[in-house]
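Below is one structure, written out as structure tokens, with a few remarks after it.
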Protein chains: 2
Amino acid sequence: MSHFKVGEIDVSSGQAVVIEGAKSPQLFTVLDGMGVRFRTLEDGRSQITNFVMPGDFIGMQDAMLDDIGYSIEATTPMTLCVFRRSDIWTLFRNHPERAFDMTWLVCSEEHFLGSALATVGQRSALERVAWALVVIHDRFRQLGRVDNGVFSFPFRQQDLADALGLSLVHTNKTLAKLRDRGLASWAEGVVRVFDREGLRQLAVMDEVERKVRPLI
Amino acid sequence: MSHFKVGEIDVSSGQAVVIEGAKSPQLFTVLDGMGVRFRTLEDGRSQITNFVMPGDFIGMQDAMLDDIGYSIEATTPMTLCVFRRSDIWTLFRNHPERAFDMTWLVCSEEHFLGSALATVGQRSALERVAWALVVIHDRFRQLGRVDNGVFSFPFRQQDLADALGLSLVHTNKTLAKLRDRGLASWAEGVVRVFDREGLRQLAVMDEVERKVRPLI
DNA sequence: CGACGAGTTGAACTGTTTCAAGTAGTGTGG
DNA sequence: CCACACTACTTGAAACAGTTCAACTCGTCG
């Protein structure tokens with residue numbers, strides 16, 4: 001991929017990376033830092049569709065559809081590797097393995113959104129929060145950031161609420177319930193998963209085997 | 001695509017096309033008929049992720065991820081064109097334009113799931129149903145099945161409820177509200193959209209330009 | 001004819017939201 | 001160094017949107 005690389009950019013925390021509706025001609029890979037990907041309704045409500053983490057590949061959707069359906073904002077400072085959108089076609093033509101990997105990532109993203117939709121559509125607040133903690137925990141573990149169930153998590157409770165379609169207040173109270181049950185806690189930016197299996201069962205989710213993410 | 005075609009299959013209404021968890025080695029294009037794509041939780045709750053219609057391309061996700069995350073069931077009798085999963089790689093290698101189109105479809109699917117997630121996560125029941133009617137109406141119009149806002153819709157209200165994360169009863173009552181307001185009606189398998197613009201505004205959704213779907 | 005699926009409507013209940021008030025931590029400026 | 005503003009989190013109580021339960025209609029199928 002290296003000769004498609006245009007450069008690197010740094011985005012400081014709180015700043016927008018991609019703005020909904022704009023026609024950003026770029027594709028990114030996240031080298032470092034985290035952010036949120038979200039959609040906003042005209043009246044201000046916003047839905048976080050996922051948390052963006054190192055290794056994520058952003059912008060394929062826009063590049064293909066000529067229309068960005070979401071915004072991305074950096075939560076921590078981020079470093080992104082930038083590709084030229086117009087090179088995608090060249091990639092499909094000359095580097096089918098890379099194109100294949102990129103498609104794999106999009107499929108995997110779609111898969112995740114399907115799970116998230118089922119969660120928000122069908123699960124109760126307690127189940128949703130438990131589900132989110134399992135998913136986030138597993139993703140952080142893949143990144144090697146989990147030490148014995150403990151990892152630091154840079155987002156706000158409001159972000160989790162926006163991701164799960166719950167109010168901030170209820171998200172907070174639900175987290176308190178999980179804490180009381182000894183399943184997990186989240187305080188001062190640190191999440192502690194005491195009982196992943198218990199959370200998983202509470203969330204009525206089945207075990208999924210880990211997938212190997214291709215690197216772009 | 002024609003020499004990747006393995007054959008055609010017919011599925012009668014009510015039958016499963018793809019079963020969650022199974023490893024179906026096939027890809028399909030819907031030639032005719034409609035169905036639902038859904039995910040089930042272990043305790044039986046189910047979330048419809050989308051309505052499957054003619055022209056839809058199914059199975060890319062599975063083929064890529066080696067794991068099917070959803071089921072598909074035929075609502076009306078369906079005719080599907082079957083491809084061999086193992087040919088995907090050949091396609092990327094020898095027919096980059098086709099691979100590009102397939103990726104485009106996956107991106108477009110992802111885009112839709114993002115909208116659906118924002119709907120289920122943020123919109124009220126009234127807004128959700130209005131949103132769904134606009135989306136469904138537009139999709140049916142693309143298929144050329146809408147005559148002056150009127151089209152026949154083979155699904156049950158329970159299906160719409162499962163798609164929107166609402167109970168059947170409340171979905172029904174919400175439809176009644178839209179009928180009372182003169183925006184749309186749905187009776188005996190026929191949907192009438194009297195005021196698409198009114199529905200769109202009620203749903204707090206912005207206008208989107210139509211995209212050209214590639215045919216697979 | 002009886003059983004069954006789909007739709008409809010009313011009434012009771014409840015999970016979640018909204019409102020409200022307060023704590024703790026952090027940064028800013030006088 | 002203290003007052004002030006501001007953001008994140010926490011907790012209680014009131015309000016309400018949506019669920020659940022229940023009963024009834026209508027058409028279809030065997």
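Per chain, numbering begins at 1; letters A, B, ... match sequence-line order.
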Under-3.5 Å N/O pairs linking protein and nucleotides 28-30 of chain D:
none

Show the atom names and distances, to 0.1 Å, of all donor-acceptor pairs under 3.5 Å that link a side chain in residues 6-19 of chain A to residues at least two apart or in another chain.
| unit_1 | atom_1 | unit_2 | atom_2 | d |
| --- | --- | --- | --- | --- |
| A/Glu8 | OE2 | A/Lys5 | NZ | 3.1 |
| A/Asp10 | OD1 | A/Thr79 | OG1 | 2.9 |
| A/Ser12 | OG | A/Gln15 | OE1 | 3.1 |
| A/Gln15 | OE1 | A/Ser12 | N | 3.3 |

**Study point:** Audit row: B/Leu31, B/Leu80, side-chain contact (heavy atoms from CB on, under 4.5 Å) steps and yes/no
**Key:** CA-CA 5 Å; B/Leu31 298 177; B/Leu80 305 160; over 6 Å; no

Point to revise | Axis deviation across the helix from C/dC1-D/dG30 to C/dG30-D/dC1, five-pair ends, to the nearest 10° | key: 30°

Study note, to complete from the structure: Under a 4.0 Å heavy-atom criterion, the protein footprint on nucleotides 16-23 of chain D, written with B, S and -, is --BBBB--

Treating [X] as the side-chain partner and [Y] as the backbone partner, does any N or O pair qualify as donor plus acceptor under 3.5 Å?
X: A/Asp195; Y: A/Gly198; result: yes
X: B/Thr76; Y: B/Met34; result: yes
X: B/Gln122; Y: A/Ser46; result: yes
X: B/Arg141; Y: B/Val146; result: no

Point to revise | No-hydrogen, no-angle side-chain donor-acceptor test under 3.5 Å, B/Arg39 and A/Ser115 | key: yes

Review point. Are OP1 or OP2 of D/dT10 and a side-chain N or O of A/Gln157 less than 4.0 angstrom apart?
Key: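 The answer is yes; a side-chain N or O of A/Gln157 sits under 4.0 Å from OP1 or OP2.
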
Check your understanding: Is it true that A/Arg139 and A/Asp56 make a salt bridge, defined as a side-chain N closer than 4.0 Å to a carboxylate O?
Key -> yes

Review point. Using 4.0 Å as the upper bound for N to carboxylate O, is an ion pair formed by A/Asp206 and A/Arg200?
Key: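 Answer for the salt bridge query: no.
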
**Study point:** A/Arg37 to A/Tyr70, cation-pi by 6.0 Å centre distance and 45° axis angle
**Key:**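 Verdict for A/Tyr70: a cation-pi partner in A/Arg37.
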
Review point. Between B/Phe51 and B/Phe153, how do the two ring planes meet: parallel, tilted or perpendicular, split at 30° and 60°?
Key: perpendicular

Check your understanding: Whole-Å distance between D/dA8 C1' and A/Leu160 CG?
Key ->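 Rounding to the nearest Å, CG of A/Leu160 and C1' of D/dA8 are 14 Å apart.
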
Check your understanding: Can you pull the contact range of chain B along DNA chain C, 5' to 3', using atoms under 4.0 angstrom from its heavy atoms?
Key -> C/dA6 to C/dA11

Point to revise | Residue pairs passing the salt bridge (charged side-chain N to carboxylate O under 4.0 Å, His left out) test where at least one lies in residues 158-186 of chain A, sequence neighbours excluded | key: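 For residues 158-186 of chain A: A/Arg156-A/Asp159.
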
Review point. More than 12 foreign heavy atoms under 6.0 Å from CG of B/Asn148: is that the case here?
Key: no

